Protein chains: 2
Amino acid sequence: MRRKTGGMDFHLNPEFLQGTELFRDVPAAALHEIQAASSQRRVAAGQVVFRQGDSAAALYVVATGRLRATQTTADGQQVIIRYLGPGEVAGYTTLSGGGVHPGAVIAVEDALLISWTSAAIKRLMAEHSSIAMNAVAFLGARYHEMQVRIRELSTEKVERRIAHTVLRLVEQAGRRTARGIEIAIPLSRQDLAEMSGTTLHTVSRTLSAWEEQKIVSCGRRRVVVAKADVLTSIAEV
Amino acid sequence: MRRKTGGMDFHLNPEFLQGTELFRDVPAAALHEIQAASSQRRVAAGQVVFRQGDSAAALYVVATGRLRATQTTADGQQVIIRYLGPGEVAGYTTLSGGGVHPGAVIAVEDALLISWTSAAIKRLMAEHSSIAMNAVAFLGARYHEMQVRIRELSTEKVERRIAHTVLRLVEQAGRRTARGIEIAIPLSRQDLAEMSGTTLHTVSRTLSAWEEQKIVSCGRRRVVVAKADVLTSIAEV
DNA sequence: CTGGTTTATTGCGTTTCCGCAAAGACGCTC
DNA sequence: GAGCGTCTTTGCGGAAACGCAATAAACCAG
């Protein structure tokens, strides 16, 4: 399940760490220490990294693959908070209190994660202030993201919300292809609904209408944006 | 407008700092340095602390009074992100990048703020890791708050959302009175709407219905919760 | 290629909530 | 206490989006 750094499968080189949101610009001297305290964990697509309510024992940084962070209500309704790609942090609660994870994280592709125990990452932050500063920076950025989403959910109609969601995904996981920009995450209509605050039916109807106008072309769990500018004008006007 | 610590109006004592979310548990030795770097600023009710888009030059900690943080769209639609009371931080962006404030903050009551320049607070964080740890903790907590609100906005119907909003305000600014728990912030129907993702009309109708059932009693910009348990069951069921 | 599973589409009725409009209540100033 | 501005209530019509249900399409395994 987990193995110590130095395993045959992945060499955790300093360049990788320096490219992550948490260890960016950390003094070279600290990198070895960070690396020594790390473990690795592989998760297959669909597998759970941690559940909502689990005690926050480890912090993860995505090395390869992609994760999804969700929030679930008592009665099972779910929303997607965010997707996490290489270099991003999962399990931020581990950085602060000795609390529990407020949401779940699962892998949507096979992924390799680098992890630290709560005690280890706290010690590293206390010793190397630049790590703590990075944590402040990325938490601030995520807080801001959520503020924007709240504003959208509160003030915009569904079509615009879906447009914003798709554009955000393009930004985050867009891959240029012949037909346009493809979102490189398998995305069901349900998934889009859970990101836009609507139902899969409404998402389906909206995408169908867009497909009619050649703005997007989509398949099963796949969306390709052909006319990003038109989508932007739907989102902004 | 601003004046250095040591002015006659407010003595910034160490006990106050130790009770704030940012300077909790900071070593006593650091308090003097924190204090020396601080300024004070008084704002009258209704006055702007900073605007959305202003460059993030200062960080504020509320000493007395209450502030409101908002997000506004290009076309002037507004949502209320949060109210800020004594001990809480306004202007978190100042902690990280050299960016701009992503939202506005105004005073809803006369308030006294303690402030630090961006450079000063960054230096303090770098030197005293416990400040940085506190920043990580409170940003994590706010990020979590926003996640919960997004889940509510995405999955719940208006009445439940309004109930949640009112209960949160009770938690944050409730004051026990003869008639029940009064929310000690002047709150218009419009304000409640901007916190719940709905319109003032719907808020008005909902409060009227609740008043009918003696769950709340309200006046102009005032809400008193008589039966918090019933409100909780509306929010949770 | 065939049967089963998952995912997507679409029609239709229904609910929820918005948004206009007009009237009413409250509180402040002079 | 008269007048004015702000805030609140409420009726009514209508738009937006939900949610059921049934069908269709895509994918997978054997």
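A note on names: the letters A, B, ... follow the listed sequences, proteins ahead of strands, and every chain is numbered from 1. In this text the structure is predicted, and so the values were computed from the model without any measurement.
For A:Arg160 and A:Glu236, the salt-bridge test fails: no basic side-chain N is under 4.0 Å from an acidic carboxylate O. We find that A:Arg82 and A:Glu88 are joined by a salt bridge, their nearest charged nitrogen and carboxylate oxygen being less than 4.0 Å apart. We find that B:Glu21 and B:Arg142 are joined by a salt bridge, their nearest charged nitrogen and carboxylate oxygen being less than 4.0 Å apart.
When distances are taken from the side chain of B:Thr202 to each of C:dT9, C:dC17, D:dC18, the shortest belongs to C:dC17. Nearest to the side chain of B:Ser208, among D:dT9, C:dA8, C:dT10, sits D:dT9.
Counting to the nearest Å, the C1' atom of C:dC17 and the CG atom of B:Leu207 are 16 Å from each other. Counting to the nearest Å, the C1' atom of D:dA21 and the CZ atom of A:Arg205 are 12 Å from each other. Straight-line distance from the NZ atom of B:Lys157 to the P atom of D:dA17: 13 Å, rounded to whole Å. One can place CD of A:Glu212 at 8 Å from P of C:dT10, the figure rounded to the nearest angstrom. Note: CG (A:Leu192) to P (C:dT9) measures 11 Å, nearest angstrom. Atom CG of B:Leu200 and atom P of C:dC17 are 16 Å apart (whole Å). The distance from atom CD of B:Glu156 to atom C1' of C:dT16 is 15 Å, rounded to the nearest whole Å. Look at CZ on A:Arg222: it is 11 Å from P on D:dA26, rounded to the nearest Å.
A:His164 and A:Glu156 form a side-chain donor-acceptor contact under 3.5 Å, judged by distance and modelled atom types alone. One side chain, B:Ser196 or B:Thr165, offers a donor N or O that lies under 3.5 Å from an acceptor on the other.
For B:His201 against D:dT8, a side-chain-to-base donor-acceptor contact under 3.5 Å is absent.
For the atom pair B:Asp75 CG and A:Thr155 OG1, the distance stands at 7.0 Å (nearest 0.5 Å).
Ring geometry for A:Tyr60 against A:Phe50 counts as parallel: the plane angle stays under 30°, on a 0 to 90° scale with 60° as the upper cut.
An OP1 or OP2 oxygen of D:dC18 is reached within less than 4.0 angstrom by a side-chain nitrogen or oxygen of A:Thr199.
Under the salt bridge (Lys or Arg N to Asp or Glu O under 4.0 Å) criterion, the residue pairs touching residues 191-213 of chain B are B:Arg68-B:Asp191, with sequence neighbours excluded.
Contacts between residues 178-191 of chain B and DNA chain D, defined by a heavy-atom separation below 4.0 Å, involve B:Ser188, B:Arg189, listed by number.
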Pairwise N/O distances under 3.5 Å, protein to nucleotides 25-29 of chain C:
from   : atom 1 : to       : atom 2 : distance (Å)
C:dC26 : O2     : B:Arg220 : NH1    : 3.0

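B:Arg151 places a side-chain N or O within donor-acceptor distance of the main-chain N or O of A:Thr72, the cut-off being under 3.5 Å.
Base contact: B:Ser204 has a heavy atom under 4.0 Å from a base atom.
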